[in-house]
Structure formats: structure tokens, C-alpha cells
Amino acid sequence: MRLLEGRSVVVTGGARGIGRAIAEACLEHGGRVVLADVDADAAEKTAAELARDGAEVLPVGCDVTAETDVENMVARCAEAYGSVDVLVNNAGITRDATLRTMDSDQFRQVMDVHLYGTWLGTKYASLRMRDQGHGSIINISSISGKVGLPGQTNYSAAKAGIVGMTKAAAKELAHLGVRVNAVQPGLVRTAMTEALRPEIWQEKLAGVPMGRAAEPAEVGSVVLFLASDLSSYMTGTVLEVTGGRHM
Ligand code: NAD
């Protein structure tokens, strides 16, 4: 069964890591993907790698904190594929520091990419989705938005904010046929986490009942579920993908 046959999917931060895995899961299930990333060259390279066996992947350079970029990203999807059926707000950064050493730029950059970027994407995609009468938006939060993690006052606040935004948007958009849900991954093996010191990895893993980090594809499959009609009666929900951590 192909869950997204012919549907268009926009993935922000799609050039690598979890975003790439989400794109791969959607393509495997017949989706047509706009791979958006601030690193336009990386998006192009990844799109070329994924566009095999006739898969449709359109790379688009997009900084999710730039309104015109986000508007253009959504417009490019509609032009190329005739609709915007799914948006995954995945682009993210970390700027970790303790509260006492974090500067205002580190705080604002993280807020900008996660909160403002997710809001912009949701706004422009939902305008299209309203006209179509259907759509699914998936926001990538983090377990740090549920429990708060030391060294991440900025990131934890932004990821918790994404949960609030998801629920507010779900309530606003439900009558238009647009569903909005969020995913909270725990520790996932990507470039974002590979820079962590070995002792921090061990400390984090010690709190995971399943005893290992997730592969990006294990987040991709949950996003695929939320994108598809298998989750047709779900909106405003937050799914944890943590191997049992912080349950
Ligand atoms: P990653 O660093 O491997 O990839 C992030 C991608 O986002 C990159 O391709 C980057 O170029 C892009 N990006 C960054 N800023 C952008 C911007 N302003 N506009 C557009 N694209 C931008 O990270 P990842 O681990 O794959 O994380 C993806 C998402 O999952 C993020 O939202 C992250 O916060 C979240 N997350 C990750 C983990 C984890 O353990 N890796 C856990 C929980 C949540």
C-alpha cells in the first residue's frame, strides 16, 4: 500500500538528517517532494540522490526565517505539483549554552528558526490548504520541549512553543480540512547530535529504556503516518518518538 500516492509534500531542512529521512519515506510511498533547505547546494545534491526510479523531488533554497523564501517555497510546490498536500516544518538548529553564558543572538536565532519559521510555513501552507479543502501539517518539536534540557533554555522553549502553536493551529484549521500535529523525537543519530561529547551521549542513552538512539528513518515513518490518511482523525496531537525516554 502506498500511503501518499501523487500527493505533494514540502519538507523544510530536507537536505540531511531527519528531513532527508522524511523525504525518503514520503517518496517511497508515492509522494512528490519539495526539498527545501537554507543550504541550497546541499538540497540540490540530496534531491539528485533521491530522484531515482522516477521519484519526483524538487530542491528549493529556502531560509525558513525569510518570509519571501517561505512564500516562494509554497508557491513552487503548488506550481510543480498542482497542490500543497503536506508540509513538514522540520528545519532546525541548536545554539546550546548554559543560561548564564548564552547570549541574546543564541537565544534569538533558535527562536527564529524554530518558532517563527514554523509559524511562517504553517501560515503560507494553510492558505493553499484552505483553498484545496485539505492538508496535513507536521511540526517537528523535541522531547526537550516536554521536559526541558539543561544547556537548551532557548531550544526547549522553542520546542515547547511549537507544541502550543500546533494545538492553536489545529483548532483554527480543523474546519477547513487541515490537520496539524507534532512529533517529539528523543535522541536521533544526525549531524545535530554527532557533535555531542561521548560522555553526554552515554548520559542521554542511559535514560532511554530501549538503550539506543533512533535512526532518522524511525522519525520519518511516524511523520509519514501523520501525513497520510491513516491518521485522518488525528489533529493537535503530539507523538513522542523517544525509545521510551522521559515517558
Ligand atoms: P540537522 O542539523 O542534521 O539538519 C537540519 C537541516 O535544517 C539542515 O539541512 C540545515 O541546513 C537545515 N536548516 C537549518 N536552518 C535552516 C533555515 N533557517 N531554513 C531552512 N533550513 C534550515 O538536524 P536534524 O537532527 O536532522 O534535526 C531536524 C529537526 O529535528 C530539527 O527541528 C531538530 O530540532 C529536530 N530534532 C532533532 C533531534 C536529534 O536528536 N537529532 C531530536 C529532536 C528533535
Side-chain angles (χ1 to χ4, degrees), residues 10-25 34-47 49-50 59-74 87-96 108-121 124 138-149 151-152 154-163 165-166 182-196 200-201 203-205 207-208 212-220 222-223 238-243 245-246:
V10 179
V11 184
T12 69
R16 69 179 196 199
I18 294 172
R20 178 185 170 128
I22 291 167
E24 283 180 302
V34 168
L35 202 79
D37 206 287
V38 69
D39 186 342
D41 292 340
E44 216 160 290
K45 188 167 168 282
T46 301
E49 287 165 12
L50 299 185
V60 172
C62 170
D63 177 349
V64 296
T65 68
E67 187 159 5
T68 49
D69 280 14
V70 174
E71 206 175 351
N72 174 60
M73 168 185 81
V74 171
L87 167 70
V88 187
N89 287 307
N90 164 79
I93 58 169
T94 48
R95 296 288 182 269
D96 295 356
R108 288 205 178 100
Q109 283 166 9
V110 167
M111 288 295 152
D112 233 25
V113 173
H114 291 280
L115 270 184
Y116 183 53
T118 297
W119 179 79
L120 277 178
Y124 283 101
I138 300 110
N139 296 328
I140 306 301
S141 172
S142 163
I143 202 65
S144 63
K146 177 185 174 187
V147 299
L149 293 177
Q152 293 194 321
N154 50 359
Y155 186 81
S156 302
K159 290 305 201 184
I162 284 175
V163 171
M165 196 191 305
T166 299
V183 176
Q184 290 188 320
L187 187 62
V188 187
R189 201 174 284 284
T190 70
M192 186 178 273
T193 50
E194 75 188 6
L196 293 173
I200 303 283
W201 259 97
E203 199 184 300
K204 286 182 183 287
L205 281 180
V208 183
R212 64 174 178 86
E215 295 304 324
E218 293 176 294
V219 180
V222 175
V223 172
V238 183
L239 296 185
E240 295 178 18
V241 185
T242 62
R245 184 175 166 211
H246 301 305

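Bear in mind that the values here come from a model prediction, so they are computed numbers and not experimental data. As the structure lists them, so they are numbered: ligands from 1, and atoms in each ligand from 1.
Across all their heavy atoms, Gly92 and His114 have their closest contact at CA-CE1, 3.3 Å.
Looking at Asn154, its side chain does come within 3.5 Å of a backbone N or O of Arg95 through a donor-acceptor pair.
Applying the salt bridge (charged side-chain N to carboxylate O under 4.0 Å, His left out) test to Arg189 and every residue at least two apart in sequence or in another chain returns Glu215.
Contacts of ligand 1 (protein heavy-atom distance under 4.0 Å) are Gly13, Ala15, Arg16, Gly17, Ile18, Asp37, Val38, Cys62, Asp63, Val64, Asn90, Ala91, Gly92, Ile93, Val113, His114, Ile140, Ser141, Ser142, Tyr155, Lys159, Pro185, Gly186, Leu187, Val188, Thr190, Ala191, Met192, Thr193.
Side-chain atoms of Thr166 and Asn139 form a donor-acceptor pair, as typed in the model, at a separation below 3.5 Å.
Looking only at side-chain heavy atoms (C-beta outward), Val110 and Ile93 come within less than 4.5 Å of each other. Val223 is listed as a side-chain neighbour of Ile140, based on a closest heavy-atom distance under 4.5 Å.
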